[in-house]
Amino acid sequence: MGDKIFRLYDTMSKQVKPLETREPGHLRFYACGPTVYSYAHIGNFRSFLTADLIVRTAKALDWKVTFVNNITDVGHLTGDDVADSEGEDKLEKALRSKEGESFNNVWELAEHYTAAFEQDWQRLNLQEPNVRPKATQHVRQQILAAEDLIEKGFAYETPTGVYYSVESFPKYGKLSGNTQENLRQAVREVVVDDNKRAQADFALWKKDDHHLMQWYSPFGWGFPGWHIECSVMAREYLGDTIDLHSGGEDNMFPHHECEIAQSEALTGKPFCNHWVHTRFLQVNGEKMSKSLGNFYTVRDLIAKGADPLAIRYALISGIYGKPLNFTDQGLRDAQANIERYRKADELVANVTKEGEDKLGATLEELYDQALDALANDLNTPVALAKALEGARLILREGEDLTIPSAASGKRFLDRINDLLGIVRSSYEMAEAPKPAAPQVDPQLIESKIAERAEAKKSKDFARADAIRTELDALGIELRDTPTGTEWVAKSSI
RNA sequence: GGUGCCGUGCCCAAGUGGCCUAAGGGGACGGUCUGCAAAACCGUUAUUCGGCGGUUCGAAUCCGCCCGGCACCUCCA
């Protein structure tokens, strides 16, 4: 099994190629994490889910994985107005905004959103990274890197900061397909800083003694540039050359381009052998934006009654390299599928019938097909189709499911869950397991169900149906099963 | 202007030269089950792949042009 090939599209070479590890069977993987100035939205998580599926696939191939996902808790600049001079800090801006009013300072704000991010991460059932380093805890290394780059002739100091000289690194632009000539032309319209040698030069350190987050450096008070944190943290936890680096498509330029320039200038070695970028998520066929009102955070959707695993399912139902259209209908589709897995999972847990194993061989084959699909440029739709086919095979047996078949079924669901994370969450949810319908008292529901059972017993079906209709209006759906009546809260999504 | 991704049934979405008269899900319709429902299960639902040309024995898949969507080009995953 260890000889299976894991193919992924590589942005640098613009082709699908085998993911290779410098140390056989050990993947060193860095995924760019969030800037913690607000709650993560589902588009952020589409990108993190790509990383999660890569980790899961690699593990399923029996690789060892060292996975690093950073937290950017330094504000940097909003860049909406002036990019590299006096732009506004994102954390500072968030601190002043309405939702920021409850924080005493930027540090508390960053901590709050970091904790929220980690919670969302777990709710969507992503596997924990080996290291989740924070930019603020690596400022010293970032300063040292800036000094080192000056010494090596790749950077220079000005009255406003320390800048990387793009012209000193001829490969700059290779990842994103930009030429330095194009960048010169594009940048000229946006940025004006006469202290910089070339306008495309980017900051390693910003001098600013008014910034809410500032540190002392040989260059005076200030804060590090955005790109240097990833170069420093990737090197610290994964070494000079890493196997794989991922991020959203917007990270291609400038962020990853700058990382390459910094890291390779620092070490003289190749920085990364394989680049993966996730395409943006669209919502109802449009760009997700606050002004269009189609901007969803993970917690908003959960608060509206969406099952976290359904959100996960919906977000991985398209290939990472293509735009994916997220719709309410898509979320409901996902919900229906998640429920099927839950049903199958329940079914295999309670079996008493003796007999043959009728499912083992077929399920084994389906699992292999699902894994093959993921190993083939992370083809999640095919993997999900195979997984669902297996779940249906289990459900089809129903009451006839034998103990050996159920054991095979359980093994299948366990392995599918390790691979795709859609059967059950690895994390204990502190919140109520039954989402939505918080306004309905469960005791009331139970008493209504009991009342209805009496009515049914005395063949008063009109009364029974009336109770069912009554609860339905409250958002409670009844299901009569051989073992009694169950209820589910209807999702409001 | 430069650099990429994409356009498949009512909706979402695989497939990227023959196994495609196009996977899978949702929806709809029919059936099993049920007092009736719901859930689950079974079945039906694209001779066609944005448009027009071309290459080829053969194209949704390759090439050209056109139309449409998305992204990046200094800090939004």
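In what follows, chains carry the letters A, B, and so on, assigned in the order in which the sequence lines appear, proteins first and then strands, with residues in each chain numbered from 1. Computed from a prediction, not measured in an experiment: that's the story for all the values here.
Within the 4.0 angstrom heavy-atom criterion, only backbone atoms of the sugar-phosphate kind lie near A:I319; the bases stay farther away. Nucleic acid contact for A:N379: sugar-phosphate only, since backbone atoms but no base atoms lie under 4.0 Å from a heavy atom of the residue. Contact annotation for A:L478: base contact, defined as any heavy-atom pair under 4.0 Å involving a base atom. At the heavy-atom level, A:G330 lies nowhere under 4.0 Å from the strands shown. Among the heavy atoms of the strands lying under 4.0 Å from A:K287 are primed sugar atoms or P, OP1, OP2 only; no base atom is included. A:G321 comes within 4.0 angstrom of sugar-phosphate atoms only, judged by non-hydrogen atoms across all strands, and of no base. Counting non-hydrogen atoms under 4.0 angstrom, A:N251 reaches the backbone sugars and phosphates but no base.
Map A:V382 and A:S176 each onto its nearest nucleotide of RNA chain B; the residue landing nearer the 5' end is A:S176. Both A:Y313 and A:G318 lie close to RNA chain B; mapped to their nearest nucleotides by heavy-atom distance, the more 5′-ward contact belongs to A:G318.
Judged by distance alone with a 3.5 Å cut-off, a donor-acceptor contact links the side chain of A:R468 to the base of B:C36. A donor and an acceptor atom sit less than 3.5 Å apart, one in the side chain of A:H41 and one in the base of B:A77. Interface remark: the A:D333 side chain does form a donor-acceptor pair with the B:G25 base, using a distance-only criterion of under 3.5 Å. Judged by distance alone, with hydrogens and angles left aside, A:N284 brings no side-chain donor or acceptor close enough to the base of B:C11 to form a pair under 3.5 Å.
Looking only at atom types and distance, the side chain of A:E257 has a donor-acceptor partner in the side chain of A:S176 under 3.5 Å away. A donor and an acceptor atom, one from each side chain of A:N195 and A:Y163, are nowhere located under 3.5 Å apart. Side chain to side chain, A:D73 and A:T136 meet the donor-acceptor criterion of an N or O pair below 3.5 Å. Using a 3.5 Å distance cut-off with no hydrogens or angles, the side chains of A:Y313 and A:D333 do not pair a donor with an acceptor. For A:R132 and A:N69, the side-chain atoms include at least one donor-acceptor pair closer than 3.5 Å.
Of all nucleotides listed (B:C42, B:U74, B:A14), B:C42 comes nearest to the side chain of A:R396. Among the nucleotides B:C41, B:G69, B:U74, the one closest to the side chain of A:P323 is B:G69.
B:A77 has no stacking from A:F45 on its base ring, since the centres under 5.5 angstrom apart and planes within 30 degrees of parallel are not both found.
Within residues 337-350 of chain A, the residues that have a heavy atom under 4.0 Å from RNA chain B are, in order of number, A:N337, A:R340, A:K343. Against RNA chain B, the stretch residues 452-461 of chain A makes heavy-atom approaches under 4.0 Å through A:R452, A:K456, A:F461.
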Which pairs would a plain distance check flag for residues 384-397 of chain A, meaning a side-chain donor or acceptor within less than 3.5 Å of a matching protein atom at least two apart in sequence or in another chain?
{"unit_1": "A:K386", "atom_1": "NZ", "unit_2": "A:Q369", "atom_2": "OE1", "d": "3.3"}
{"unit_1": "A:E397", "atom_1": "OE1", "unit_2": "A:K358", "atom_2": "NZ", "d": "3.1"}

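Summarising the base pairing, B:A40 is matched to B:U32 through a Watson-Crick or G-U wobble pair whose two defining distances lie under 3.5 Å.
Under the 6.0 Å distance and 45° angle rule, A:R197 counts as a cation-pi partner of A:Y156.
Between the CG atom of A:L175 and the P atom of B:C73 there is a distance of 13 Å, given to the nearest Å.
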